[in-house]
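Within every chain, numbering begins at 1; the chains are lettered A, B, ... in the order of the sequence lines, protein sequences first and strands thereafter. All values derive from a computational prediction rather than experimental measurement.
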Number of protein chains: 2
Amino acid sequence: MKLKEFAREIGLSPTTVSRALSGYPEVSAATRQRVSAEAVRLGYRPNINAVRLATGRAGAIGLVMNQAGEFQLTEFLRGMTEQLVRDEMDILVTPVVEDGTEAEVNAYRRVAEAGKVDAMIILAPQPNDPRIPLLQGLGMPFLVHGRSEGSAPHAWLDIDNEGAIFRATSHLIDLGHTRIGMINGRKGMTFSLHRDIGYRRALEERGLTFDPRFVAHGNFTDEVGFTFARDMLEQGLRPTAFVAGSMMTALGIYRAARALDLVVGRDMSVIAHDDVFPYLTADNMVPSLSTTRSSMRAAGGRIATLLLQIIAGRPAEEIHELWPVELILRESTQPVPGG
Amino acid sequence: MKLKEFAREIGLSPTTVSRALSGYPEVSAATRQRVSAEAVRLGYRPNINAVRLATGRAGAIGLVMNQAGEFQLTEFLRGMTEQLVRDEMDILVTPVVEDGTEAEVNAYRRVAEAGKVDAMIILAPQPNDPRIPLLQGLGMPFLVHGRSEGSAPHAWLDIDNEGAIFRATSHLIDLGHTRIGMINGRKGMTFSLHRDIGYRRALEERGLTFDPRFVAHGNFTDEVGFTFARDMLEQGLRPTAFVAGSMMTALGIYRAARALDLVVGRDMSVIAHDDVFPYLTADNMVPSLSTTRSSMRAAGGRIATLLLQIIAGRPAEEIHELWPVELILRESTQPVPGG
DNA sequence: TTGAAAGCGCTACCAG
DNA sequence: CTGGTAGCGCTTTCAA
């Protein structure tokens, strides 16, 4: 059913119907009520593409999925969609086809230039991230999940990675640990940098020396956690504790411990960052895993809301949200053995 | 830049430009070449919403995300987007807001009626799945990932769950196991039913009696794996082997074994279904995990391709793909202790 | 408060 | 092989 048809059916003009359905103030409440009811009864729904053409709005937010296909994405998407569904906003997922920064930038460019979206979200930013000037140049609104030092002012939402890892590391030091392994995320990413800073600051404040052999970078996979943890644990003076970048990393570290007949929570401690998943919970691990915790789903939801505000005209430069991170102590962090 | 403007700029009619860019045969090769080159040079791109309105195509495939937000979704999406990006097809993700079958059906209805998509994909079907008559009634093309017994003919792509679990179970029986725990997916889902059938058929063919205490159903989470495995292992005559519905389930089972001081690969065996993830690999588990393996990413890609064909006019009823599942034996399946 | 009609930018029919 | 032009279904002036 089309607008014209529907309008004729209920004895009104297309204009009035359109206004009633879009909630314009100049339509009388009675008319609005009646139109809404009739629309439901007769099953009338505006054609979304016609609306979009007429209004010039795309009605969607763009999300570019990188090659890695990281496991946190489902939770993030879930949070976004929950917010966006009310506003008839879609989320449009595009892949980066080849690997590398350039391919990624091109993917953003394609989406932005095709006019398929009203705003985009930049994931996993780096300092001076090239996607920021790109979208600013194209006049495409966006929000950065994370931060990008050295870039022009822009909207961002980030969690306090530095603070979280600072507290996690300090906690381990409080327990007497002095050799603390750090298995961080991909090198170059802002969140990895911030976590490294938090880690080093904790060491420095307590007079511990930084040992580069105890720091590693890589994807958030159990393999990375396993390999680096094992390598570090096989060194002469091995770490007695680990800070892990993700739940998957922690899984790998637990595995490395078992492979070397070490017991987590007795022979060594582990604390990891947890984005909160329905299918893998820190509480259930054995021993239960101490974590720095922050919900990906919540972040996705809030980002969607902010993006809607930016589209509606809120100045993007004023949007900076830094979310605190919970520190949840469980069984996996214990005093250093014999300490 | 708009079509009219661009056409004037290069001295052609909008008609010819449109045809050249869409690859219509009646345009001379020379003209086509020139138009494409000029479009790049001048940065002309058709407005996607105008194209969609004019053609009546939505240019997107709909995917409804259920409440659970299952972890396999990222891989599936990745596979889909990789295929769709070439054809300028988007994928539109919508959430189910509340829980329950009805809410889910309503989500499908909303997407289909709004005309936002050219086709939809039905995930996690059940027998007589209500989404199938719904979409058929609305004339919305779709493809089922999985199968739905009792429904009218429709397009589907499934993996051979029954065969996979039959072989997995038979393998365990070959190793001498007679008490085999089965921690399956959510009750009522077709894939769970098929796996149950494969499991029971293997037992029957080898003259083993089916014991309902050894079978459990639940979400694909480590918690479900842990809880059910522990419960079964604490029974008097406990299972000596497990068939697990997912990698997360297997994680939970491994954990349950450790909690009870049992060693997987010695005191008990485990085999799980693996959808193949970059971040958690069966090879890396300790002991390495035997699996029935089938790539979610590949399935997503193939489904996208098939959906494109259906949209292009291929009769949906003829599309039935049953994918074989690999059986990969690793260290976690061993002869029954003392067998 | 309601309505008529001119677009929104493109495609595709009908001519040439 | 190329071009003129009438829609696609809605929104939004402008007028009443």
Side-chain angles (χ1 to χ4, degrees), chain A residues 1-36 38-39 42-60 87-90 113-118 311-312, chain B residues 1-36 38-39 42-60 87-90 112-118 311-313:
Chain A
M1 161 129 23
K2 347 219 123 163
L3 174 58
K4 221 164 149 184
E5 203 175 332
F6 173 61
R8 190 171 349 102
E9 200 93 2
I10 65 172
L12 281 171
S13 72
T15 312
T16 303
V17 171
S18 169
R19 284 200 277 239
L21 258 24
S22 310
Y24 276 50
E26 58 262 57
V27 181
S28 76
T31 309
R32 187 200 322 291
Q33 288 270 305
R34 182 166 147 248
V35 172
S36 306
E38 292 286 39
L42 297 173
Y44 167 70
R45 283 169 185 278
N47 174 305
I48 193 77
N49 292 317
V51 173
R52 288 172 179 177
L53 177 59
T55 58
R57 275 179 279 119
D87 300 80
E88 287 266 13
M89 276 294 236
D90 304 322
E113 286 185 342
K116 292 182 172 189
V117 300
D118 297 311
I311 292 169
Chain B
M1 161 128 24
K2 350 218 122 165
L3 173 58
K4 221 163 149 186
E5 203 177 330
F6 173 61
R8 192 172 347 102
E9 200 94 1
I10 64 172
L12 282 171
S13 74
T15 311
T16 304
V17 171
S18 169
R19 284 200 277 239
L21 258 23
S22 310
Y24 275 51
E26 58 260 60
V27 181
S28 77
T31 307
R32 187 199 322 290
Q33 288 270 307
R34 187 171 141 242
V35 172
S36 306
E38 293 284 38
L42 298 173
Y44 168 70
R45 281 168 185 280
N47 175 306
I48 193 77
N49 291 318
V51 173
R52 288 173 178 177
L53 177 58
T55 57
R57 276 179 278 119
D87 299 78
E88 287 265 14
M89 275 294 236
D90 304 323
E113 285 185 341
K116 291 182 173 188
V117 300
D118 297 310
I311 292 169

Subject >> Neighbours of DNA chain C within residues 28-36 of chain A, by heavy-atom distance under 4.0 Å >> reply: S28(A), T31(A)
**OP:** State which residues pass side-chain hydrogen bond (donor to acceptor under 3.5 Å, both in side chains) with R45(A); sequence neighbours excluded, sorted by chain then number.
**Re:** E113(B)
Subject >> Set of side-chain hydrogen bond (donor to acceptor under 3.5 Å, both in side chains) partners for S28(A), sequence neighbours left out >> reply: T31(A)
Subject >> Summary of side-chain hydrogen bond (donor to acceptor under 3.5 Å, both in side chains) pairs that have at least one residue in residues 47-57 of chain B, sequence neighbours excluded >> reply: R52(B)-D90(B)
**OP:** Could you grab the distance from atom CG of D118(A) to atom CD1 of I311(A), nearest 0.5 Å is fine?
**Re:** 4.5 Å
**OP:** Can you run down the salt bridge (Lys or Arg N to Asp or Glu O under 4.0 Å) pairs that involve residues 3-16 of chain B, sequence neighbours left out, and say none if there aren't any?
**Re:** none
Subject >> Per-nucleotide protein contact string for nucleotides 9-15 of chain C, where B marks a base within reach and S marks sugar-phosphate only (heavy atoms under 4.0 Å, - for neither) >> reply: BBBBB--
Subject >> Residue pair Y44(A) / L3(A), side-chain heavy-atom distance below 4.5 Å >> reply: yes
Original post:
Taking the side chain as C-beta and beyond, is there a heavy-atom pair between V27(B) and V35(B) under 4.5 Å?
Top reply: no
Original post:
To the nearest angstrom, how far is R8(A) atom CZ from dG3(C) atom C1'?
Top reply: 15 Å
Which side-chain N or O atoms in residues 16-23 of chain A pair as donor and acceptor under 3.5 Å with protein atoms at least two apart or in another chain?
from: T16(A); atom 1: OG1; to: S13(A); atom 2: OG; distance (Å): 3.1
from: S22(A); atom 1: OG; to: S18(A); atom 2: O; distance (Å): 2.9

**OP:** Toss me the dot-bracket line for DNA chain C: Watson-Crick and G-U wobble, both under 3.5 Å, 5' to 3', using | for pairs to another strand and [ ] for crossers.
**Re:** ||||||||||||||||
Can you name the closest pair of heavy atoms from [X] and [Y] and give their distance?
| X | Y | result |
| --- | --- | --- |
| P14(B) | A7(B) | N-CB, 3.7 Å |
| K116(A) | A60(A) | O-CB, 3.7 Å |
| Y24(B) | R32(B) | O-NH1, 3.2 Å |

Original post:
Where does the chain B footprint on DNA chain D start and end, counting 5' to 3' with a 4.0 Å heavy-atom cut-off?
Top reply: dC1(D) to dG9(D)
